[in-house]
Amino acid sequence: MKITKAVTYSQILNYAFFKYAIIKFKDGHKKKYFILDVSPAEDGNESGEDEVVYMTAHSLDPEGLPRYAGDGIPVSKIDEIKVIGDSKTLKP
């Protein structure tokens with residue numbers, strides 16, 4: 001998915017939610033992430049922009065349910081997102 005100004009955070013969310021993806025940044029480098037969410041600017045993100053939230057840690061809560069920690073990448077820094085699989089088809 002090529003990221004342009006016309007692409008909304010909900011379109012990115014529908015495409016990449018809980019999937020592994022290669023993010024190509026506008027500076028040309030690429031990195032693999034597990035996408036947890038897409039957070040709109042209205043949520044008060046540190047960058048003040050829409051952000052793609054990726055997983056930084058995964059653990060289980062005391063009741064055995066999964067919990068995730070994440071960090072955000074401002075959408076304005078992303079050139080392209082390519083989904084490469086989901087949690088069932090790929091390992092971190």
Side-chain angles (χ1 to χ4, degrees):
M1 167 184 266
K2 184 78 170 165
I3 304 301
T4 66
K5 289 184 181 194
V7 174
T8 66
Y9 80 92
S10 59
Q11 289 171 315
I12 298 169
L13 182 65
N14 289 336
Y15 177 69
F17 181 69
F18 263 67
K19 294 187 175 125
Y20 285 96
I22 302 292
I23 293 183
K24 179 181 174 190
F25 292 84
K26 289 187 177 175
D27 69 4
H29 82 279
K30 297 177 183 180
K31 191 168 179 184
K32 181 175 125 179
Y33 294 97
F34 186 74
I35 308 300
L36 294 175
D37 198 2
V38 180
S39 180
E42 295 80 28
D43 283 357
N45 302 325
E46 189 174 314
S47 69
E49 304 177 33
D50 293 348
E51 292 183 348
V52 172
V53 180
Y54 62 93
M55 183 169 61
T56 58
H58 176 257
S59 62
L60 299 177
D61 69 15
E63 294 160 4
L65 298 171
R67 68 177 162 200
Y68 304 92
D71 203 358
I73 303 167
V75 171
S76 65
K77 294 184 177 187
I78 300 172
D79 181 53
E80 186 174 8
I81 300 173
K82 180 180 179 185
V83 169
I84 56 173
D86 60 26
S87 61
K88 295 174 186 143
T89 59
L90 292 176
K91 295 184 180 183

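Atoms considered below: every heavy atom in the structure, side chains included; atoms not considered: hydrogens, waters and symmetry mates.
- The side chain to side chain donor-acceptor pair (under 3.5 Å) search around E49 returns S76, not counting sequence neighbours.
- Atom-to-atom distance recorded for E80:CD and M1:CE is 10.5 Å, nearest 0.5 angstrom.
- Put simply, the side chain of F25 reaches to within 4.5 Å of the side chain of I73, judged on heavy atoms.
- Scanning all heavy atoms of the two residues, the minimum distance from H29 to D27 falls at ND1-OD1, 2.5 Å.
- Between V53 and S39, the closest heavy-atom pair is CG2-CB, 4.1 Å.
- Here D71 pairs with nothing under the side chain to side chain donor-acceptor pair (under 3.5 Å) rule; sequence neighbours left out.
- Taking each heavy atom of I35 and A21 in turn, the nearest pair found is CG1-CB, 4.2 Å.
- Between the CG atom of D86 and the OH atom of Y20 there is a distance of 9.0 Å, given to the nearest 0.5 Å.
- Atom-to-atom distance recorded for D37:CG and Y54:OH is 14.0 Å, nearest 0.5 angstrom.
- Taking CE of M55 as the start and CG of L36 as the end, the distance is 6.0 Å to the nearest 0.5 Å.
- With sequence neighbours left out, the ring pair (Phe, Tyr, Trp, His ring centres under 6.0 Å) criterion links F18 to F34, Y68.
- Residue pairs satisfying the salt bridge (charged side-chain N to carboxylate O under 4.0 Å, His left out) criterion with at least one member in residues 5-26, sequence neighbours excluded, are listed as follows: K24-D79.
- A search for side chain to side chain donor-acceptor pair (under 3.5 Å) contacts involving N14 returns nothing, not counting sequence neighbours.
- Taking the side-chain contact (heavy atoms from CB on, under 4.5 Å) definition, one finds that S10 meets it with T8, sequence neighbours left out.
- Remark: I3 CD1 to I12 CD1 distance equals 4.0 Å, nearest 0.5 Å.
- Not counting sequence neighbours, the partners of Y9 by the side-chain contact (heavy atoms from CB on, under 4.5 Å) test are V38, P40, D50.
- Contact record, A16 with I81: CB-CG2, 4.4 Å, taken as the closest heavy-atom pair.
- To the nearest 0.5 Å, atoms CD1 (I23) and NZ (K77) are separated by 12.5 Å.
- Scanning for side chain to side chain donor-acceptor pair (under 3.5 Å) contacts around S47 gives E51, with sequence neighbours left out.
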